[in-house]
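Throughout, protein chains are lettered first and strands after them, A, B, ... in sequence-line order, and every chain is numbered starting at 1. Atom set for the values below is all heavy atoms of this structure, side chains included, hydrogens, waters and symmetry mates excluded. All figures in this text were calculated on a predicted structure; none of them were measured in a lab.
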Amino acid sequence: MSERYEPNSFEDKWRSRWSEAQLFRTREVPGKPKFYGLDFFPYPSGAGLSVGHCRNYIPTDVICRKKLMEGFNVLHPMGFDAFGLPAENEAISKKTHPSPMVKSYGENYRRQMDLVGISYDWSRSFYSSDPEYYKWTQWIFELLYKRGLAYRRLAKVNWCPKDLTVLADEEVEGGNCWRCGTPVEKKDIPQWFFKITAYAQRLIDDLDTVDWPDGIKNMQRNWIGRSEGVEFDMKVVFDSPSLFGGTTKREGLGREFPGELDSTPLPPPFSRNEKEEGDSESDFVVISHEPGPHFRVFTTRIDTIFGMTFCVIAPEHPLVETILSTVPAERKTEVEAYCTAAKAVSDLDRQATTREKSGVFAGAFAVNPANGKHVPIYVADYVLMGYGTGAIMSVPGHDQRDFDFAKKFGIEIIPVIKDVGMDGAGSETSTISPNSPSSSTSIDHASEAKDGILINSGEYDGLSVAEAQKLLGEWMEGLEIGEQIVRYKLRDWLISRQRYWGCPIPVVHSKDGDESLVPEEDLPVELPDVESYEPADDGSSPLSRIREFVNVTDPEGTLGQRETDTMGGFACSSWYFLRFCDPTNSEDPWDPAKADYWMPVDCYVGGAEHAVMHLLYARFWTKVLFDEGLVSVSEPFQRLMNQGQVLGLTPYRKPQEGEKLQVGEEGLLTSFDEAAEIQAKIDSGELDADNLFYRWARMSKSKGNVVTPDEMVDQYGADALRIYELFVAPFESDVQWSNDGVAGATRFLNRVFRWVSDVQDYYEPNWESFLAVENVEGKGIGIRRAIHQATKKISADIDRFAFNTYVSEMMKCLNVVTDALKNADWTDRGFILAMSEAVETLVLLLAPAAPFSADELWESIGRNGFTLNQHWPSYSEAIAAEDTVTIAVQVNGKLRDTITLGADATNEEMEAAAMSSEKVKVHTDGKQIRKVIVIPAKLVNIVAQ
RNA sequence: GCCCGGGUGGCGGAAUGGUAGACGCAGCGGACUUAAAAUCCGUUGCUCGCAAGAGCGUGCGGGUUCGAGUCCCGCCCUGGGCACCA
């Protein structure tokens, strides 16, 4: 064997041996525990894998390899998320078909994964675009449909004018398309939805049962956005007898609206029938005791109802129409102008929080059910039609947005909550004049606090916020003017895509407008293989232009048309982890017994960017499948880990004349070649140094900062790449890529090879049986201690995803055993046995991280087979234990000396040794010793004064 | 604005409330070499000191404790997510 790490001499050999032996084929040995390790389903990009992707796959591989060595049946599969926009867009731009393109990219991914030595069982692999796979995606669609969880409706949707497609809410980032950054427009199209909202509460509750990063759990909770509050009804009137402080007397619980305000003849109340097509989010159910228009508001702060000084409805709210039919013409004109203008403002602009509040008085008043007070109703675009009821009660004293609005429009501000911390000197009864010079631009920090007590609230004064919320909610329910409800921000999952490259939706529309599922025996509805699949710019699906696909006849001869939308890619990735349990089943999506064995995924590894999309959808589908009895777990991923990103050094240059920077940009992206030219000019003094600078950015083809595993393996070897990626930083941290670090990993492997070659001639393969009877002390014991300590530490480190300390522990252990060679005594039996144990153990500890080298070293010491088939090393606490301990001696908490004692030293012995230290005496002389703290085997702290 | 992370040597980072800086990178000194690379040995938080040693040190300010990088309170900076969500 070579004395050096020469990966070129052995990597190919082991790759082919592993392949021939089908080493990574999933084993289902009866009686063994199982482990399912999974990486996020990748879309195989044409750019190939970067070292950033490897940071995902290598750690999972380490875990899976260790689990296999520990005696688990391990499922470690990989497949490709082939359908979707990225593939289709790229195929269009390259004037090719997405199917062969994606297959070739997938094959390249596989080649690179094999190159790095990831132990995937390729016999279980598939593409989500395989008909054998998407048949079952369609089957699950039909299951959802039958359970009432898939439906079609006309809806305003996000429309990307560049990609020419509808986008899910989650695909809109800051008002722009997540993929191309184009501002999103609104468009009305019939769309398919999955009713994920029906699972909102379970999706929140079951987060408590999984072992995920808190950050991801929180993001999901926020995304689902549960809020508890009260939804209640308010009467609309067209005069304002009690405006601004009219009715202040209260007649107690159970009081009704002041009846005398109803004298004006009013239009009939609007009802559910009048609501606009497509506005299914809001229910305008009127609980009507009295004639006249009403509207409903939702609030999470019913306790502040006495602070309501106005109401706001969204420009799209149906009540606008109702009010306008009654108000004077000039008011009508003004309101209509505002609504028209508001609808023209893009979503992006409308959502900008820095935007100044705008609005207009609608011409009517709302009656506060709590005190009968009449408050003006405004139309303003800061209230959104899409959330709650599209109407709010405004409490400027305790809501920043209402406050801003009130300031601008000169509306009264009444504080109704007093901070409990105050001593009563506050402005309990006074109101704040909106134009008062002393009033600030922001409401008091304490004013939004939820722990105050009520003021200015009639007989509710003095109650806590929580008490008032409960009582007011109950009071409203008693009078049937409102109810306590729970709302969620989560919307139903829009799956329709008007694009070609996706899983067809298995539905047929009949001439009379009925829709029916394609019979199960006719699945899959195959995607037709066509030359032209570009989307039409009217938003219709390319499939709608393929006559042979669209027109169908059922067995009775009835004509129909196929649904021509396809499913968004997240449908395909919402169940692939189940298919891996039984990937070739042609009768069922999977055999429930097999899924019950392998599920849940024990360790799921991928980037945090999928925190709310894929991970929420996959949880939802799993729950539906659980409810159907197809799988026995309701959470698919027991443990989730997010690896950090790998950042590449990215050159930027200063813009030249005529070039402009976008907002937020520091400089213009440039290539390394161009950067070198600029650097040369800087060096020669032709340009100033600030013309070129570097930033760390996520590796991407467009930034030109990608480092590939291919070049790393070629230059340093796969194991050096693996070791470096594990060692460079904690698993979850971002890293700044450096080739120097890979060279350091090479150095470590070199030292391992040299050490093993130094030892191999003396290696005793039967060390274990000899050690069992021979008492090893003296020269061997230090080696044995180091190796047992390393085994203990490494076993725990891998389990807790501390791969960086796993590698550093191997380095530390190697330092000990190579140091021991300096005083090697190959005539000493104990030394030989200890060194033999060390070689064998360290090679096995190395195996998950550096499998090529481990197998090569294993062979070099004369052992047969693969390290992956060996038992993971065990350790003995007794051998790992030190026989001496180093005690820290502190005086008043400051370290003054360290002393070495036997590991069995008693507290009294420790204290005595500490007190007799000369260094300690220097600091205690002349002082009185108050106390001595002794931590066994660790430390003595002498408190002296 | 709200919700999560993270601030430790020149750098990446380590550290169940108990010796801060493991392990590595880079640097410095030395060995080997005609020379270089590679490799090996030593050294490396800062300040003062010839030295022994002393003092200071985990973003800032307080607190709890015999003892705080670690726990608590209040800030600052930074990365990410969400956002007129009532």
Side-chain angles (χ1 to χ4, degrees), chain A residues 3-4 173-174 213-223 225 227 229 231 297-301 304 311-312 314 350-357 380-384 386-395 398-402 404-405 442 448 487-490 608-609 611-612 642 644-645 723-724 727-730 732-736 738 740-745 747-748 750-751 754 802 804-815 818 822 886-899 919 922 930-944:
Chain A
E3 286 190 27
R4 296 171 52 90
E173 292 170 348
D214 288 338
I216 302 290
K217 287 189 182 185
N218 275 326
M219 281 166 74
Q220 292 220 343
R221 286 193 192 100
N222 291 340
W223 190 265
S227 57
E231 201 178 286
V297 298
F298 175 65
T299 179
T300 56
R301 293 300 302 273
T304 63
C311 285
V312 179
R350 187 163 165 179
Q351 284 172 8
T353 49
T354 50
R355 212 166 141 249
E356 203 174 326
K357 294 280 179 293
D381 64 3
Y382 82 91
V383 169
L384 307 175
Y387 184 76
T389 61
I392 60 166
M393 68 170 208
S394 294
V395 184
H398 302 282
D399 182 283
Q400 184 66 49
R401 295 152 302 175
D402 296 343
D404 296 341
F405 192 86
S442 144
E448 283 192 88
R487 281 212 174 252
Y488 302 90
K489 278 190 268 184
L490 185 69
E609 68 274 13
V612 283
N642 301 119
Q645 295 179 14
I723 292 278
Y724 174 65
F727 179 63
V728 62
E732 295 183 12
S733 305
D734 290 350
V735 303
Q736 300 170 348
S738 128
D740 291 349
V742 190
R747 205 142 41 216
F748 162 68
N750 261 328
R751 295 180 59 213
R754 195 166 51 249
N804 55 335
T805 54
Y806 157 36
V807 175
S808 79
E809 187 65 22
M810 286 195 292
M811 291 172 167
K812 212 161 117 183
C813 182
L814 183 69
N815 287 344
T818 50
K822 289 178 197 164
T886 305
I887 308 291
V889 183
Q890 299 178 336
V891 178
N892 293 333
K894 287 196 176 187
L895 183 72
R896 295 302 177 186
D897 197 6
T898 55
I899 50 181
K919 292 176 183 172
V922 172
R930 304 260 172 174
K931 204 199 284 193
V932 178
I933 285 114
V934 179
I935 308 297
K938 290 263 186 194
L939 164 145
V940 178
N941 187 14
I942 298 157
V943 185

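Nucleic acid contact for A:Lys489: base, since at least one base atom lies under 4.0 Å from a heavy atom of the residue. Contacts of A:Pro213 with the nucleic acid, taken as non-hydrogen atoms under 4.0 Å apart, are absent. Across all strands shown, A:Arg930 has no heavy atoms under 4.0 Å from either base or sugar-phosphate atoms. Residue-level contact check: A:Thr886 touches the bases, meaning some heavy atom is under 4.0 Å from a base atom. Heavy atoms of A:Thr898 sit under 4.0 angstrom from at least one base atom.
The phosphate of B:rA14 has OP1 or OP2 within less than 4.0 Å of a side-chain N or O from A:Asn804. In this model, the phosphate group of B:rA22 is not approached by any side-chain N or O of A:Asn815 to a distance below 4.0 Å at OP1 or OP2. Applying the 4.0 Å criterion to OP1 and OP2 of B:rC82, one finds that A:Arg221 has every side-chain N and O outside that range. Regarding contacts with the backbone of B:rA86, a side-chain N or O of A:Ser227 is found under 4.0 angstrom from either OP1 or OP2. For B:rC23, the OP1/OP2 oxygens have no side-chain nitrogen or oxygen of A:Arg751 closer than 4.0 Å.
A:Asp399 has its CG atom 11 Å from the C1' atom of B:rG1, to the nearest Å. If you measure from atom CE of A:Met219 to atom C1' of B:rC3, you get 10 Å, rounded to the nearest angstrom. Between A:Phe405 atom CZ and B:rA86 atom P the separation is 19 Å, expressed in whole Å. To the nearest angstrom, C1' of B:rC40 lies 8 Å from CZ of A:Arg754. Distance CD (A:Glu732) to P (B:rG13): 13 Å, rounded to an integer number of Å. Note: CG (A:Asp740) to C1' (B:rG24) measures 12 Å, nearest angstrom. Regarding A:Gln645, its CD atom lies at a distance of 18 Å from the P atom of B:rG5, rounded to whole Å. Whole-Å rounding puts the A:Gln736 CD to B:rC25 P distance at 18 Å.
Taking 90° from 0 as the syn/anti boundary, the base of B:rG9 is oriented syn.
Comparing the C1' positions of B:rU70 and B:rU8 gives a spacing of 12 Å, expressed to the nearest Å. Straight-line distance between the P atoms of B:rU34 and B:rC28: roughly 24 Å, to the nearest whole Å. Taking atom P on both nucleotides, B:rC23 is separated from B:rA35 by 33 Å, rounded to a whole Å. Comparing the C1' positions of B:rG12 and B:rA83 gives an interatomic distance of 35 Å, to the nearest angstrom. Annotation: B:rG13 and B:rG62 have their C1' atoms spaced 29 Å apart (nearest Å). A distance of about 27 Å separates the C1' atoms of B:rG29 and B:rA20, rounded to the whole Å. Taking the C1' atom of each, B:rC60 and B:rA14 are spaced 24 Å apart, rounded to whole Å.
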I'd like a list of close polar pairs between nucleotides 64-67 of chain B and the protein, N/O only, cut-off under 3.5 Å.
from	atom 1	to	atom 2	distance (Å)
B:rC66	O2'	A:Asn941	ND2	3.3
B:rC66	O2	A:Asn941	ND2	2.6

Could you list, one pair per line, each protein nitrogen or oxygen that sits under 3.5 Å from a nitrogen or oxygen of nucleotides 44-55 of chain B, together with the distance?
from	atom 1	to	atom 2	distance (Å)
B:rG55	OP2	A:Arg896	NH1	3.0

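Of all the heavy atoms in A:Ala888 and A:Thr898, the pair that sits closest is CA-CG2, 4.4 Å. In plain terms, the two heavy atoms of A:Ala314 and A:Val383 that are nearest each other are CB-O, 3.3 Å. Scanning both residues, A:Asn941 and A:Gly893, for their nearest heavy atoms gives OD1-N, 3.0 Å.
Looking at the side chain of A:Ser808, the nearest of the listed nucleotides B:rC82, B:rA14, B:rA22 is B:rA22. With distances taken from any side-chain atom of A:Asn218 to the nucleotides B:rA20, B:rA14, B:rC4, the minimum falls on B:rC4. When distances run from any side-chain atom of A:Phe727 to the nucleotides B:rA86, B:rG13, B:rG24, the shortest one goes to B:rG24. Comparing B:rA20, B:rA86, B:rU39 by their closest approach to the side chain of A:Leu895 singles out B:rA20.
Between A:Ile723 and A:Met810, the closest side-chain pair of non-hydrogen atoms falls below 4.5 Å. At least one side-chain heavy atom of A:Thr304 sits less than 4.5 Å from a side-chain heavy atom of A:Met393. Side-chain contact between A:Asp404 and A:Glu356 is absent, with no heavy-atom pair separated by less than 4.5 Å. A 4.5 Å side-chain heavy-atom check between A:Glu231 and A:Thr389 finds at least one atom pair inside the cut-off.
Side-chain atoms of A:Lys357 and base atoms of B:rC84 include a donor and an acceptor less than 3.5 Å apart.
If you find the closest nucleotide of RNA chain B to A:Lys938 and to A:Ile392, the one lying nearer the 5' end belongs to A:Lys938. Residue A:Asp734 is the one, among A:Asp734 and A:Ala743, whose nearest nucleotide of RNA chain B lies closer to the 5' end (criterion: closest heavy atom).
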Exercise for review: For side-chain contact (heavy atoms from CB on, under 4.5 Å), just list the numbers for A:Trp223 and A:Met219, CA-CA rounded to whole Å, side-chain angles, deciding distance to a tenth of an Å, and then say yes or no.
Suggested key: CA-CA 6 Å; A:Trp223 190 265; A:Met219 281 166 74; over 6 Å; no
Review point. side-chain contact (heavy atoms from CB on, under 4.5 Å) between A:Asn815 and A:Arg751: does it pass, once the steps are laid out?
Key: CA-CA 9 Å; A:Asn815 287 344; A:Arg751 295 180 59 213; 2.8 Å; yes
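For the pair A:Asn892 (side chain) and A:Ala944 (backbone), a donor-acceptor distance under 3.5 Å is present. Side-chain N or O atoms of A:Asp734 include none that pairs as donor or acceptor with a backbone N or O of A:Gly644 at under 3.5 Å.
For the residue pair A:Tyr382 and A:Asp402, a side-chain donor N or O sits within less than 3.5 Å of a side-chain acceptor on the partner.
Every stem involving RNA chain B, taken as at least 3 paired positions in a row under the Watson-Crick or G-U wobble test at 3.5 Å, is listed here: B:1-7 with B:76-82, B:10-12 with B:23-25, B:27-31 with B:39-43, B:45-48 with B:53-56, B:59-63 with B:71-75.
Atom CG of residue A:Asp381 and atom NZ of residue A:Lys357 lie 9.0 Å apart, to the nearest 0.5 angstrom.
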